[in-house]
S.K.: 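Let me begin by handing over the structure; questions about it come next.
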Amino acid sequence: MQKIGNIVNSQQIYAVLIAALLVCLPLPYAFSTGVLIVLLAVSLFSLKFHRWEFKKEYLLPILLYGLVCLSLVWSDDIKASSRGLERQMALVLIPLTFVFMPVLLEETRDTIWYWFSLAMALFAFLFEGMALLDYWNSGEPGRFFYHTLVAPLDLNAIYVSVFVSLSIVFLLFKRRKTPMVLIALVLLGSFLVLLSSKIIIVGTALLVLFGIFRTFKRSTILKLAPILVLGLGLLVFTNNPVKKRFETELVASNVKEVMESKKFGKVYYWTGTTIRLFQGRIFS
C-alpha cells in the first residue's frame, strides 16, 4: 500500500497526466476524456494519503458550469442541450481533480508546460509536413494557411493559435535556450504565422516584444533584432495570405458604420474587428 501511495502522491505522475490532458486538447474529444478520467481516478485514490485542499479559484469554472446549466430553462431542445452539458462537465471535473490531488510544485508546473510546448511544436511539424506534401502533389499554396492548415484534424486555426502562442511565450521566457527549445520556437513561430489568426499574431508579438525588452540583456536584443526585422519584412513586402488578411481587415472595417448604423442587411461584410465592436456595442 505504501508503494501505491508513493505513486499516486508522486509529482511525476501528475506531470505526465496533466501534460497528456493538455496535449490531447487539439485531438478528438475521446482522447482528452479518457485522460481526464484516469487523472480524476488517481487524484481520488491519492486522498487516502493526504488531505484535500480547496482554493477559491476552483469555484469559478464550477459556477460557470452552473450558469450553463441554467440554459436548460430557455432551451428549445432539452435533449440536445443536455448532450452539450455532458461535454462541458470538464468545467466541474478538472477543478475537483485539482482539489483531490497533492499540491503541485512550481517545478512540476514548469515541466508540464515544457512537455506541452514541445508537443505543440511536434504538431506544428506534422501539420506543416502534411501541407508540404499536399502542395507537392497539388501545387495549391492555400494548403499552408489558416483553417486549411489544420484541416486534417478538423480544427479551428484560432483555437490552435492560442495553444501555440502560450507555448511560444513559455519557451521564450521560462526555459534555457537549448537546441531543442530553439528548434521548437522556430516551428511554433512559423506555425503561428501560417495559422493567420490576426488577433493572436498581434497579441503574441506585442507580448513577446514587451517581454524581450523587460527581461533580455541589450546584447541579446541586438542579436534578435535582425531576425525580427527579417520576419516582419517577409510578411510586409511579399505577397502572402497573412498579409492579405491584414489588408482586408484594414480596408473593409468600417468602424463608424458599425457603431452607428441600425440596419446592416442580410449580406453585410463583417470583419473580425467589426463583429467584435458590434458585439461590444450590443452588450454595452
Side-chain angles (χ1 to χ4, degrees), residues 18 20-41 43-44 52-101 146-148 150-166 195-203 245 248-249 252-284:
I18 295 174
L21 179 62
L22 292 174
V23 170
C24 287
L25 290 178
L27 300 176
Y29 183 69
F31 288 92
S32 57
T33 300
V35 176
L36 179 56
I37 291 172
V38 174
L39 178 59
L40 180 60
S43 299
L44 277 170
W52 60 274
E53 180 181 353
F54 188 88
K55 297 181 180 180
K56 59 182 180 181
E57 292 84 357
Y58 300 152
L59 191 59
L60 295 176
I62 296 174
L63 290 175
L64 177 60
Y65 185 75
L67 181 62
V68 173
C69 288
L70 287 177
S71 66
L72 290 175
V73 175
W74 57 80
S75 174
D76 293 329
D77 189 337
I78 298 296
K79 187 176 180 180
S81 297
S82 298
R83 287 198 299 270
L85 289 175
E86 291 174 4
R87 295 177 66 88
Q88 301 302 320
M89 276 294 293
L91 289 170
V92 175
L93 296 180
I94 291 176
L96 289 179
T97 300
F98 278 89
V99 170
F100 300 149
M101 73 173 60
Y146 207 35
H147 299 306
T148 311
V150 289
L153 286 182
D154 195 26
L155 292 169
N156 182 286
I158 301 172
Y159 175 73
V160 177
S161 293
V162 174
F163 300 144
V164 175
S165 176
L166 291 172
L195 287 169
S196 310
S197 172
K198 301 180 293 295
I199 191 169
I200 303 296
I201 291 174
V202 172
R245 282 178 54 77
T248 300
E249 190 78 23
S253 296
N254 191 330
V255 174
K256 183 178 180 180
E257 183 179 50
V258 167
M259 298 305 293
E260 297 179 356
S261 181
K262 295 183 179 180
K263 294 183 180 180
F264 297 94
K266 296 182 179 180
V267 291
Y268 188 81
Y269 185 79
W270 295 98
T271 65
T273 300
T274 55
I275 190 63
R276 289 176 176 85
L277 288 173
F278 185 64
Q279 289 170 340
R281 177 185 170 188
I282 292 174
F283 290 107
S284 62

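All values below were derived from every heavy atom in this structure, side-chain atoms included, with hydrogens, water molecules and symmetry-related copies excluded. In this chain, numbering begins with 1 at the start of the sequence shown.
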S.K.: Give, for atom CG of Asp154 and atom NE2 of His147, the distance between the pair rounded to the nearest 0.5 Å.
M.R.: 11.0 Å

S.K.: What residues, two or more places apart in sequence or in another chain, satisfy ring-ring contact (aromatic ring centres under 6.0 Å, His included) together with Tyr29?
M.R.: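 None.
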
S.K.: Could you pull out all residues at least two apart from Ser165 that satisfy side chain to side chain donor-acceptor pair (under 3.5 Å)?
M.R.: Thr204

S.K.: Would you please test Leu85 and Leu72 for side chain to side chain contact (heavy atoms under 4.5 Å, CB included) and show each step?
M.R.: CA-CA 9 Å; Leu85 289 175; Leu72 290 175; 3.5 Å; yes

S.K.: Has Ile199 got more than 12 heavy atoms of other residues, nucleotides or ligands less than 6.0 Å from its CD1?
M.R.: no

S.K.: Report the residues that fulfil side-chain contact (heavy atoms from CB on, under 4.5 Å) with Lys56, sequence neighbours left out, ordered by chain and then residue number.
M.R.: none

S.K.: Let me confirm one number: the CG-OG1 distance from Leu39 to Thr97, rounded to the nearest 0.5 Å.
M.R.: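 Answer rounded to 0.5 Å: 5.0 Å.
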
S.K.: If I compare all heavy atoms of Tyr58 with all of Val99, which pair ends up nearest, and what's the gap?
M.R.: CD1-CG2, 3.4 Å

S.K.: Quick check for you: to the nearest 0.5 Å, what is the distance between Trp52 atom CH2 and Ser43 atom OG?
M.R.: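 That separation rounds to 14.5 Å.
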
S.K.: Measure the spacing between OG1 of Thr33 and CD of Glu86 and express it to the nearest 0.5 Å.
M.R.: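 Going from the OG1 atom of Thr33 to the CD atom of Glu86 covers 11.0 Å.
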
S.K.: For residues 156-164, dump all side-chain donor-acceptor pairs below 3.5 Å to protein atoms at least two apart in sequence or in another chain.
M.R.:
unit_1	atom_1	unit_2	atom_2	d
Asn156	OD1	Ile158	N	2.8
Asn156	OD1	Tyr159	N	3.3
Tyr159	OH	Leu25	O	3.0
Ser161	OG	Ala157	O	2.7

S.K.: Restricting to side-chain contact (heavy atoms from CB on, under 4.5 Å), what partner residues turn up for Phe31, sequence neighbours left out?
M.R.: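 Scan of Phe31 (side-chain contact (heavy atoms from CB on, under 4.5 Å), adjacent residues dropped) gives Cys24, Leu27, Pro28.
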
S.K.: Can you tell me how far CG of Leu195 sits from CD1 of Ile201, rounded to the nearest 0.5 angstrom?
M.R.: 8.0 Å

S.K.: Under the rule for side chain to side chain donor-acceptor pair (under 3.5 Å), what residues qualify as partners of Tyr65, not counting sequence neighbours?
M.R.: none

S.K.: Using side-chain contact (heavy atoms from CB on, under 4.5 Å) as the criterion, list what pairs up with Leu96, not counting sequence neighbours.
M.R.: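 In terms of side-chain contact (heavy atoms from CB on, under 4.5 Å), with neighbours along the sequence ignored, Leu96 is linked to Val92, Phe100.
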
S.K.: Partners of Ala90 by side-chain contact (heavy atoms from CB on, under 4.5 Å), sequence neighbours excluded?
M.R.: Leu36, Ile94

S.K.: Could you tell me the separation between the CG atom of Leu64 and the SG atom of Cys69, rounded to the nearest 0.5 Å?
M.R.: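 Between Leu64 CG and Cys69 SG, I get 9.5 Å after rounding to 0.5 Å.
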
